[in-house]
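Order of the sequence lines sets the chain letters (A, B, ...), proteins ahead of strands, with each chain counted from 1.
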There are 2 protein chains.
Amino acid sequence: MEETPSCRVETALEILTGKWKPSILLELITHDTLRFSELKRNLPNITQKMLTAQLRELELNDIVHREIYQVVPPRVEYSLTDYGKTLIPVLNAINAWGEKHVEHLAQKDRLQDATSSSTSDSF
Amino acid sequence: MEETPSCRVETALEILTGKWKPSILLELITHDTLRFSELKRNLPNITQKMLTAQLRELELNDIVHREIYQVVPPRVEYSLTDYGKTLIPVLNAINAWGEKHVEHLAQKDRLQDATSSSTSDSF
DNA sequence: CTTCATGGTATCGTTTAGGATACTATACCA
DNA sequence: TGGTATAGTATCCTAAACGATACCATGAAG
């Protein structure tokens, strides 16, 4: 890691990227507390291995809390830590830009279609 | 792509992630306009292939503008589009959280060191 | 004694991102 | 005629991310 400003962007992005982390975080934001099996149910295509791995990484970064109940069959509950909740506004900002972006691209495509059809509207 | 909110987070993140995109964006934010060779010089470890590929992706998403001058040897200048500049506040938010995060982790580690040294302070 | 549910690991294969290196076109300059 | 600079491509290779599948430990219920 270097000391340039972009480095901190990368630091933050490391935590948010990965094929499943945004979805996992969204689940925990909207449901507060979820068991492992509930997360797995709500993320239909994730494998157990990936879910475990991503949760462990989030736990390492103090974003999610893992609560183990010593019962059989096991019961493990996941939730955002207070610190993890500081990510919510950041995720909202990213999501808002993402929404604008799909609109922006759609508009660009409409313009391209219009100009390309005007060059080929002899058909 | 699905319709869930997290999807737009992923949409946005696709544009920001990749080993070099944050650095490239930072360069263009701080220098306004840069030639291909200048970008390459400022990003010492990037390969020509990666620089080209990342710039093309950013161009496709209308984040950077590519201006080609028909001279020999070639001169190509890259800059943020007006639309690309809407990313700046998002990057700032991400960067700010990243800064907090390194502090947070450092603090956590200090606490851990303190407790672990208190269990082993017979040395 | 078998079965079931839960929350995992372990192992292997595939797919993707990224890197190293060589090559190219062009016109000017010596 | 040959070298130089710029902005790339093309090809091949490695490493990391991701996925499929099989396996495991536990104790209660039947």
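Judged as a side chain to side chain contact (heavy atoms under 4.5 Å, CB included), and not counting sequence neighbours, the contacts of B:Thr30 are B:Leu26. With sequence neighbours excluded, no residue forms a ring pair (Phe, Tyr, Trp, His ring centres under 6.0 Å) with B:Trp20.
Here the P atom of nucleotide D:dA5 and the CZ atom of B:Arg75 are 16 Å apart, to the nearest Å. Look at CD on B:Glu14: it is 13 Å from C1' on C:dT16, rounded to the nearest Å. What separates NZ of A:Lys19 from C1' of D:dG19 is a distance of 8 Å, to the nearest Å. Going from atom CD1 of A:Ile68 over to atom P of C:dG8 covers 7 Å, rounded to whole Å. Separating the CD atom of A:Glu59 from the P atom of C:dG7 is a distance of 14 Å, rounded to the nearest angstrom. Regarding A:Gln54, its CD atom lies at a distance of 17 Å from the C1' atom of C:dG7, rounded to whole Å. We find that CG of B:Leu51 is positioned 17 Å from P of D:dA10, with the value rounded to whole Å. The CE-P distance, from A:Met50 to D:dA20, rounds to 11 Å in whole Å.
Residues A:Tyr78 and A:Thr33 are not in side-chain contact: their nearest non-hydrogen atoms beyond the backbone lie 4.5 Å or more apart. Under the 4.5 Å side-chain criterion, counting only non-hydrogen atoms from C-beta, A:His104 is in contact with B:Tyr83.
Within the structure, salt bridge (charged side-chain N to carboxylate O under 4.0 Å, His left out) pairs that include any residue of residues 23-47 of chain A do not occur (at least two apart or interchain). Listed by first and then second residue, the salt bridge (charged side-chain N to carboxylate O under 4.0 Å, His left out) pairs involving residues 51-63 of chain A are A:Lys21-A:Glu57 (not counting sequence neighbours). Listed by first and then second residue, the salt bridge (charged side-chain N to carboxylate O under 4.0 Å, His left out) pairs involving residues 66-85 of chain B are B:Arg75-B:Glu77, B:Asp82-B:Lys85 (not counting sequence neighbours). Applying the ring-ring contact (aromatic ring centres under 6.0 Å, His included) test to pairs two or more places apart or on separate chains, none has a residue in residues 25-58 of chain A.
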N/O to N/O distances under 3.5 Å, protein versus nucleotides 9-13 of chain C:
{"from": "C:dT9", "atom 1": "OP1", "to": "A:Arg56", "atom 2": "NH2", "distance (Å)": "3.3"}

Atom pairs, protein N/O to nucleotides 27-29 of chain C N/O, distance under 3.5 Å:
none

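Residues from residues 33-46 of chain B with heavy atoms under 4.0 angstrom of DNA chain D, sorted by number: B:Arg35, B:Phe36, B:Ser37.
Side-chain N/O atoms of A:Thr11 and B:Glu99 include no donor and acceptor closer than 3.5 Å.
As judged by a 4.0 angstrom heavy-atom cut-off over every strand, A:Tyr78 is placed among residues touching the sugar-phosphate backbone only.
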(request) Dump the intermediate steps for side chain to side chain contact (heavy atoms under 4.5 Å, CB included) on B:Ile94 and B:Leu16, then the final yes or no. (result) CA-CA 11 Å; B:Ile94 296 174; B:Leu16 299 178; 3.8 Å; yes
(message) Show, in sequence, the C-alpha distance, side-chain angles and deciding distance for B:Leu80 and B:Leu87, and conclude whether the side chain to side chain contact (heavy atoms under 4.5 Å, CB included) test is met.
(response) CA-CA 10 Å; B:Leu80 286 183; B:Leu87 263 177; over 6 Å; no
(request) Would you please test A:Val90 and B:Val90 for side chain to side chain contact (heavy atoms under 4.5 Å, CB included) and show each step? (result) CA-CA 8 Å; A:Val90 180; B:Val90 181; over 6 Å; no
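Members clustered with B:Leu60: none, using a 4.5 Å side-chain heavy-atom cutoff among hydrophobic residues. Clustering of Ile, Leu, Val, Met, Phe, Trp and Tyr side chains at separations under 4.5 Å places A:Tyr69 together with A:Val71.
Taking five base pairs at each end of the helix from C:dC1-D:dG30 to C:dA30-D:dT1 and finding the rotation axis that steps the C1' atoms of four pairs onto the next four gives two axes whose angle is 30°, to the nearest 10°.
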